[in-house]
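Report on the structure given below.
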Amino acid sequence: MLDRKPVQSWLTDMDGVLVHEGQPVPGAPEFVKKLRASGKPFLVLTNNSIYTPRDLQARLARMGLDVPEEAIWSSALATAQFLADQRPGGTAYVIGEAGLTTALHAVGYVLSDFAPDYVVLGETRTYSFEAITKAIRLINDGARFICTNPDATGPSMEGALPAAGSVAAMISKATGVDPYFVGKPNPMMMRSALNTIDAHSESTAMIGDRMDTDILCGLEAGLETILVLTGISSRTEAERYPYRPSRIVDSVADLIDEV
């Protein structure tokens, strides 16, 4: 990525970049503080659709990260925006938590299990067999299938948990219908984030810890991509992919002086 414009806007993943296993990444509070002081537009991105921006703001604040509510962009918000653009004032049967239902209500969607326009699958702490069965039947009856993100598993203190991508695969197997995934690595997530802060891809950097979502998504959206080594992907693993980040740094602490 040669001859890029200077970075005027920043997008950063949350888990693995700013926080890791419930703790702030060393240097992350200082990085966020510098971002806020710079006045440059920025967003913290997450594929997790469980929480509202207010919930996430409080979670980050407990770890010493002062991120404004309006600077948080989730796959739930991106999904709601996508549906509002596609079919304004529509209806949806939702499997998910407050982050998703609140976002859909905010764009004027009605949540219903009576002939909905969409079945929308997001993350939830407890996937109900009854709810999944209803989703399958509604899709068989013609509802369009949307999933907030393709992540197959999510982290927990006890180990991996099945996530939206795994449940989507089960529904697809039962219906023969594949969902449209809105979250990373779909560039739709990145473009919606750019539009939210009125930023341009030529002068925006994406910081992430996963080659298969953050870096791929940023690359396909035309952003400078920075892989940090505080989360999922290692330097060795990064070399195995057919695409490369613009650069690799140890952590966001290495970027403080660039903001």
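These figures come from a predicted structure and were not determined experimentally.
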| remark: Scanning both residues in full, the closest heavy-atom pair of E237 with I232 reads OE1-O, 3.4 Å

| request: Name the orientation class of the two ring planes belonging to F31 and W10 (parallel below 30°, tilted from 30 to 60°, perpendicular beyond 60°). | output: perpendicular

| Closest non-hydrogen atom pair between K184 and P150, with its separation | O-CD, 3.1 Å

| task | Please indicate whether D141 has more than 12 foreign heavy atoms, meaning atoms of other residues, nucleotides or ligands, lying under 6.0 Å from its CG. | result | yes

| What are the two closest heavy atoms between A163 and Y127, and how far apart are they? | C-OH, 3.8 Å

| message | Closer than 4.0 angstrom, basic N to acidic O: yes or no for D66 and R36? | response | yes

| said: Is there a path of hydrophobic side-chain contacts, each under 4.5 Å between heavy atoms of I/L/V/M/F/W/Y residues, joining L60 to V252? | reply: yes

| note | Minimal heavy-atom distance between I171 and A135, with the atoms involved, is CD1-CB, 4.3 Å

| field | D13/R210 salt bridge by N-O under 4.0 Å criterion | value | no

| task | Apply ring pair (Phe, Tyr, Trp, His ring centres under 6.0 Å) to F82 and list each qualifying residue two or more places apart in sequence or on a separate chain. | result | Y180

| query | Is the closest basic N to carboxylate O distance between D212 and R240 below 4.0 Å? | reply | no

| task | Would you check if there is a donor-acceptor pair between the side chains of N195 and Q81 at a distance under 3.5 Å? | result | no

| Thinking salt bridges, do E69 and R54 make one under a 4.0 Å N-O criterion? | yes

| request: Measure across S251 and P26 and return the closest heavy-atom pair with its distance rounded to 0.1 Å. | output: OG-O, 4.1 Å

| query | Hey, are S49 and E123 close enough side-chain-wise for a donor-acceptor pair under 3.5 Å? | reply | no

| field | Test log, rule side chain to side chain contact (heavy atoms under 4.5 Å, CB included), inputs L194 and S201 | value | CA-CA 7 Å; L194 290 172; S201 58; 4.1 Å; yes

| Hydrophobic cluster identity match, V228 and L35, side-chain contacts under 4.5 Å | yes

